[in-house]
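What follows is a set of notes on a single structure, which appears directly below.
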Amino acid sequence: MQKKVYLAIRLIAGSILLFFGLNKFVGFIEIHPKTVEMGAVMMGLVQSVYIIKLAAVIEIIAGMSFIVNKYTALMAVVLMPVMLNAFLLHLFLDPAGIGGAALILALTLLIMIENKDRYRDILKA
């Protein structure tokens, strides 16, 4: 992948993650679930207290990591379960809102593909 394309992918993913991670703490934009089912799941996650905050911290740290290009490969691995879960929640409960989750999941996958050399040692049998 060309360096400029990879830089753009990292900066876009990092900015989106930082924005939405901070939004979970500060709440500068209000996000309303489009379906009753998604609303119930989100209410459960918010009432659990720590799950939304943990996801937000992971998003913020991953976003900063992608922007400054430090520990990018590690943070992509840490971020993947969070983004995969967000994507699957939207896929099954709120298909109309899947765009953002699909975008971040795709960008994270591209970042992981670009860093595939760094995963070779941990994936040896």
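These numbers come from a predicted model, not from an experiment. FYI, side chains are in, hydrogens and waters are out, and symmetry mates aren't considered; it's all heavy atoms of this structure.
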(message) On a heavy-atom basis, which atom in Asn23 and which in Phe28 lie closest, and how many Å separate them?
(response) OD1-N, 3.0 Å
(request) List for me each residue that meets ring pair (Phe, Tyr, Trp, His ring centres under 6.0 Å) alongside Tyr71, sequence neighbours excluded, and say none if there are none. (result) none
(message) Just verifying a value: how many Å separate Thr108 OG1 and Phe87 CZ, rounded to the nearest 0.5 Å?
(response) 12.5 Å
(message) Give me the atom names and distance for the closest heavy-atom approach of Val78 to Ile58.
(response) CG1-CG2, 4.1 Å
(request) Check step by step if salt bridge (Lys or Arg N to Asp or Glu O under 4.0 Å) holds for Arg10 and Glu114. (result) CA-CA 11 Å; Arg10 279 191 308 102; Glu114 183 64 24; over 6 Å; no
(message) Test of understanding: clusters of I, L, V, M, F, W, Y form through side-chain heavy atoms closer than 4.5 Å, transitively. Do Val36 and Met42 belong to the same one?
(response) no
(request) State whether the side chain of Ser65 and the backbone N or O of Ile61 hold a donor-acceptor pair below 3.5 Å, judged by distance alone. (result) no
(message) Could you measure the distance from the CE atom of Met75 to the CG atom of Asn115? Nearest 0.5 Å is fine.
(response) 13.0 Å
(request) Run the numbers on Val57 and Phe25 for side chain to side chain contact (heavy atoms under 4.5 Å, CB included), then give the verdict. (result) CA-CA 9 Å; Val57 168; Phe25 283 110; 3.8 Å; yes
(message) Show the nearest heavy-atom pair for residues Ala62 and Leu17, with the distance to one decimal.
(response) CB-CD1, 4.3 Å
(request) Could you tell me which non-hydrogen atom of Ala76 sits nearest to which non-hydrogen atom of Met112, and how far apart they are? (result) CB-CG, 3.5 Å
(request) Could you tell me which non-hydrogen atom of Ala55 sits nearest to which non-hydrogen atom of Val82, and how far apart they are? (result) CB-CG1, 4.2 Å
(message) Once rounded to the nearest 0.5 Å, what's the spacing between atom CG of Leu103 and atom CD1 of Ile12?
(response) 8.0 Å
(request) Mind jotting down which residue pairs meet the salt bridge (charged side-chain N to carboxylate O under 4.0 Å, His left out) criterion with at least one end in residues 88-106? Sequence neighbours excluded, please. (result) none
(request) List the atom of Ile67, the atom of Ser15, and the distance in Å for their closest heavy-atom pair. (result) CD1-N, 3.9 Å
(request) Mind checking the CD1-CG spacing from Ile52 to Leu45? Nearest 0.5 Å is all I need. (result) 4.5 Å
(message) Contact between Ile31 and Phe20 at the side-chain level, heavy atoms closer than 4.5 Å - yes or no?
(response) yes
(request) Starting at CD1 of Ile16, measure out to CG of Leu11 and round the result to the nearest 0.5 Å. (result) 11.0 Å
(message) To the nearest 0.5 Å, what is the distance between CG on Leu109 and CE on Met83?
(response) 12.0 Å
(message) Any heavy-atom pair between the side chains of Met38 and His90 that's under 4.5 Å?
(response) yes
(request) Could you tell me whether the side chain of Leu107 reaches within less than 4.5 Å of the side chain of Phe66, counting heavy atoms only? (result) no
(message) Same cluster or not: Val41 versus Val49, using hydrophobic residues (I, L, V, M, F, W, Y) connected whenever any side-chain heavy atoms lie under 4.5 Å apart?
(response) no
(request) Only counting residues at least two apart or in another chain, list the ones meeting ring pair (Phe, Tyr, Trp, His ring centres under 6.0 Å) with Tyr50. (result) none
(message) Do Phe19 and Ile9 land in one hydrophobic cluster if side-chain heavy atoms of ILVMFWY residues count as linked below 4.5 Å?
(response) yes
